[in-house]
Structures are given as C-alpha cells and as structure tokens.
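Reviewing the structure listed below.
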Amino acid sequence: MATTTHLVYYFSSINPKLRPPPLPPRHTCRLYSSFLTPRYPICYQPSVVDDVPNHHQLRRLFSPCAFAGDVSGHLLQDAGATFLIVAGAYALVSGFDYLTQQQIIQQSLSRKLVHILSGLLYMGSWPLFSGSTDARYFAALVPLLNCARLLVHGFSLVTNEDLIKSVTREGKPEELLKGPLYYVLMLIVCSLFFWRESPVGVLALSMMCGGDGIADIMGRRFGTHKIPYNLQKSWCGSISMFIVGFLISIGMLYYFSIFGYLELDWSSTIERVALVALVATLVESLPTKGGIDDNISVPLASMATAYLSFGFQV
C-alpha cells in the first residue's frame with residue numbers, strides 16, 4: 001500500500017515543482033511514532049520505499065544482457081534435456097539387449113517393448129525442455145541422431161549386430177531402413193510440426209507406439225481367431241490395440257494437460273480419442289503385406305483423424 005512518502009516522490013518525479021525541500025542527513029532523521037507510521041521512516045530512502053522503477057531500472061530490465069541471460073538459460077536447459085534423453089534411450093536399448101542375451105526375454109518381445117517404451121518415454125520427456133520456440137528442434141535431435149544411426153548401419157557402412165537383433169525381425173541390416181527408420185521419422189515429424197501444445201502429435205505417437213506395439217504382442221500370443229479380410233492379423237490383437245491405444249492416448253493427453261500445454265473438454269475429448277483409436281485400429285488391421293508399413297499408416301491415419309475431430313483446437 002502506497003504511503004504519503006510514496007505519493008509525494010512519485011508526483012515529484014513527474015512535476016519538479018512538487019519536489020519537497022532537500023532532506024536532512026540520514027543521522028538527523030526522526031521516525032514517526034509507531035502509531036502513525038509503523039513501517040516507514042519520515043526520511044526518504046529510495047532503496048526502501050520507492051516502488052516506482054526509474055529509467056535506470058527499466059534500462060537494466062530491458063537490456064540486451066537480460067535477454068541474453070534468458071536465451072542462454074533456454075539453450076542450457078534444452079541442451080541438457082537432449083543429452084539426458086539420448087543417454088536414456090541408449091540405456092533403454094542396451095538394457096533390453098542384455099536381457100535378450102541372457103535369455104531372460106525373447107528377442108521378438110524385446111523388440112516390441114523397445115518399440116513401445118522408446119517412443120512413449122521420448123514423448124513423455126518433452127516437458128523437460130524450455131518454453132523457447134527452439135525447444136522442439138532440440139527435442140527432434142534425439143530421433144534425428146537415431147535416424148542417422150539407422151542409415152549408417154542399414155547401408156552396412158558400420159556393422160552392429162546388437163542393434164540389428166534388437167530392432168529387426170529377421171536380423172538383416174536392410175530392415176533398419178524400413179520399419180525402424182519410419183518409426184523415428186514419425187517421431188521427428190510429430191516433434192517439429194505438432195509438439196506438446198497439440199493433441200494431434202500426442203495421439204499419433206500414442207497409437208503408433210502403444211497401440212500398434214501391444215497389438216503385435218497380444219496377437220502373437222493369443223491371436224488364434226484371425227480377421228476374415230486379413231489372416232495375418234487377429235481379433236485379439238486389434239481389440240488390444242484399440243483398448244490400450246485409447247488408454248495410453250487419454251493418459252498422455254492428461255499428462256500434458258497437467259503441465260498446462262493442453263486445455264481440453266474431457267467429455268468430448270474421450271469421444272474423439274475413441275474415434276482416433278478406432279480408425280487407427282482399422283488401418284492397422286488392413287492387409288498391407290508389401291505395401292505401406294504400419295509405422296507410417298497408423299500415425300498418419302491418427303494424425304488425419306485427430307486433426308479433423310479436434311478441429312481448431314489443434
């Protein structure tokens with residue numbers, strides 16, 4: 001609350017004629033009684049009672065150094081987040097490679113668990129980045145580095161048997177240039193074009209990573225009843241994809257809403273997410289042998305459906 005001293009020196013800064021006479025030295029100043037002024041002395045002390053910023057304070061506030069400090073802080077945060085995620089991704093793949101070598105889990109299960117977890121954990125790490133407009137580019141460096149790695153080993157420029165076994169079906173280097181490469185390309189697309197403020201990218205990655213990944217696991221284990229129009233897919237796999245993809249999508253949307261990136265009407269959001277999960281499941285169940293890979297068709301179908309269903313909210 002402004003005191004009389006505040007008001008006098010504020011208006012005197014506007015009109016010099018209102019400026020009071022020079023003040024006595026600090027050691028001769030007397031204090032009002034605690035009844036009249038319990039907080040402020042009668043003598044003017046700019047460092048204590050002047051709440052109005054002067055031009056020197058404004059100059060320091062809006063100086064290039066202040067903006068440079070903010071920019072350097074954003075760069076440091078984004079670079080640190082990128083380093084942590086790259087290290088985490090390497091640890092994740094190495095951990096499943098170790099479990100496979102020790103014959104704790106099967107190679108096919110290990111490959112699908114990496115498929116599910118790597119994308120979801122990458123997307124879940126987006127809040128680690130700053131609010132800068134360049135943050136998405138730092139985030140995209142993570143799948144971009146993986147993309148370069150797949151290209152190098154896919155063209156057999158460098159041999160890495162552990163990588164080939166962990167992410168391919170038949171253990172051939174050229175397989176790295178198909179499904180795994182499409183997978184990381186979709187991570188890059190969602191990072192650059194949708195980022196964390198749009199439900200479109202969140203739903204696309206949730207269905208590609210979680211939904212499609214669980215469909216393969218459940219279909220291989222319990223897929224005895226095949227879909228009539230595609231004997232390579234089962235009802236169990238498709239139903240699992242719809243349910244798990246829907247739940248993961250809702251969970252990720254809620255996760256980003258906690259951080260304030262999304263504001264959604266949940267009653268209508270649930271219906272729209274169910275529609276996205278249904279379309280993605282139908283696309284995944286189509287016979288695509290020798291055609292479009294699921295790591296392309298599922299996220300693209302999810303993107304299109306989410307964009308149309310959420311409309312201008314994206």
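Quick note: numbers below take in every heavy atom, side chains included, and nothing from hydrogens, waters or symmetry partners.
- Note that the CG atom of Leu113 and the CD1 atom of Ile105 stand 5.5 Å from one another [nearest 0.5 Å].
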I'd like to know whether Leu92 forms a side-chain contact (heavy atoms from CB on, under 4.5 Å) with Phe96, so could you lay out the CA-CA distance, the side-chain angles of the two residues, the decisive distance to 0.1 Å, and finally the verdict. CA-CA 6 Å; Leu92 177 69; Phe96 278 102; 3.5 Å; yes
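- Between atom CG of residue Leu203 and atom OG of residue Ser198 there is a gap of 8.5 Å, rounded to the nearest 0.5 Å.
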Do any side-chain atoms of residues 144-158 form donor-acceptor pairs under 3.5 angstrom with protein atoms, and if so which ones, sequence neighbours left out?
{"residue": "His153", "atom": "ND1", "partner": "Arg149", "partner atom": "O", "Å": "2.8"}

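- Here salt bridge (Lys or Arg N to Asp or Glu O under 4.0 Å) pairs that include residues 75-93, with residues two or more places apart or in two chains, number zero.
- Within the 4.5 Å cutoff, the side chain of Phe256 has no heavy atoms near those of the Pro199 side chain.
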In sequence, state the C-alpha distance, the side-chain angles, and the governing distance for Leu109 and Arg221, and then conclude on side-chain contact (heavy atoms from CB on, under 4.5 Å). CA-CA 10 Å; Leu109 178 60; Arg221 290 180 175 270; 3.9 Å; yes
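- The minimum heavy-atom distance linking Glu175 with Pro180 is given by the pair O-CD, 3.3 Å.
- Considering all non-hydrogen atoms of both residues, Cys209 and Gly119 come closest at SG-CA, 3.6 Å.
- Grouping Ile, Leu, Val, Met, Phe, Trp and Tyr residues whose side-chain heavy atoms lie under 4.5 Å apart, directly or via other members, places Leu275 in a hydrophobic cluster with Val279, Val283.
- Take Tyr255 and apply the ring pair (Phe, Tyr, Trp, His ring centres under 6.0 Å) test, not counting sequence neighbours, and it matches Phe259.
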Apply side-chain contact (heavy atoms from CB on, under 4.5 Å) to residues Tyr183 and Asp293 and explain how you reach the verdict. CA-CA 10 Å; Tyr183 182 91; Asp293 190 272; over 6 Å; no
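- The CD1 atom of Ile214 sits 11.0 Å away from atom CG of Leu247, with the distance rounded to the nearest 0.5 Å.
- Taking 4.5 Å as the limit, some side-chain heavy atom of Ile217 sits within range of a side-chain heavy atom of Ile116.
- The minimum heavy-atom distance between Gly210 and Val244, with the atom names listed, is O-CG1, 4.3 Å.
- Partners of Phe138 according to the ring pair (Phe, Tyr, Trp, His ring centres under 6.0 Å) rule, which considers only residues two or more places apart in sequence or in another chain, do not exist here.
- The shortest side-chain heavy-atom distance between Glu197 and Arg136 falls under the 4.5 Å cut-off.
- Judged purely by atom type and a 3.5 angstrom limit, Thr305 has no side-chain atom pairing as donor or acceptor with the backbone of Ser302.
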Dump the intermediate steps for side-chain contact (heavy atoms from CB on, under 4.5 Å) on Met241 and Val298, then the final yes or no. CA-CA 11 Å; Met241 176 177 178; Val298 170; 3.9 Å; yes
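- Expressed to the nearest 0.5 Å, how far CE of Met208 lies from CG of Asn295 amounts to 6.0 Å.
- Counting non-hydrogen atoms of neighbouring residues, nucleotides and ligands closer than 6.0 angstrom, the OH atom of Tyr137 reaches no more than 12 such neighbours.
- Ring geometry for Phe129 against Trp195 counts as perpendicular: the plane angle is over 60°, on a 0 to 90° scale with 30° as the lower cut.
- With a 4.5 Å cut-off on side-chain heavy atoms, Ile227 and Ser238 count as touching.
- Side-chain N or O atoms of Arg272 include none that pairs as donor or acceptor with a backbone N or O of Phe310 at under 3.5 Å.
- Within a 6.0 Å radius of NZ in Lys112, more than 12 heavy atoms belonging to other residues, nucleotides or ligands are found.
- Val189 and Tyr122 fall within a single hydrophobic cluster, where Ile, Leu, Val, Met, Phe, Trp and Tyr are joined by side-chain heavy atoms under 4.5 Å apart, directly or via other members.
- Cluster membership check: Leu185 shares its hydrophobic cluster with Leu121, using side-chain heavy-atom separations under 4.5 Å among Ile, Leu, Val, Met, Phe, Trp and Tyr.
- Pairing each heavy atom of Met123 with each of Val202, the nearest pair is SD-CA, 3.7 Å.
- Hydrophobic clustering (side-chain heavy atoms under 4.5 Å, transitive across Ile, Leu, Val, Met, Phe, Trp, Tyr) groups Met218 together with Leu278.
- A donor-acceptor pair under 3.5 Å is formed between the side chain of Ser257 and the backbone N or O of Tyr254.
- Counting only distance, with no hydrogens or angles, the side chain of Asn230 and the backbone of Ser285 share a donor-acceptor pair below 3.5 Å.
- Linking Ile, Leu, Val, Met, Phe, Trp and Tyr residues whenever their side-chain heavy atoms come within less than 4.5 Å places Phe193 and Tyr307 in a single cluster.
- Contacts classified as salt bridge (Lys or Arg N to Asp or Glu O under 4.0 Å) and involving residues 226-241 (residues at least two apart or in different chains) are given here: Lys233-Glu284, Lys233-Asp294.
- Both Tyr261 and Ile250 are members of a single hydrophobic cluster when ILVMFWY side chains are connected at heavy-atom separations under 4.5 Å.
- Across every non-hydrogen atom of Cys190 and Ala204, the tightest pair is SG-CB, 4.1 Å.
- One finds the CG atom of Leu192 at 7.0 Å from the CD1 atom of Ile188 (value rounded to the nearest 0.5 Å).
- Expressed to the nearest 0.5 Å, how far CE of Met186 lies from CE of Met303 amounts to 5.5 Å.
- Heavy-atom neighbours of Glu174 CD from other residues, nucleotides or ligands within 6.0 Å: above the threshold of 12.
- Taking both residues in full, the closest heavy atoms of Arg111 and Thr168 are given as CD-O, 3.4 Å, listed atom of the first, atom of the second, then distance.
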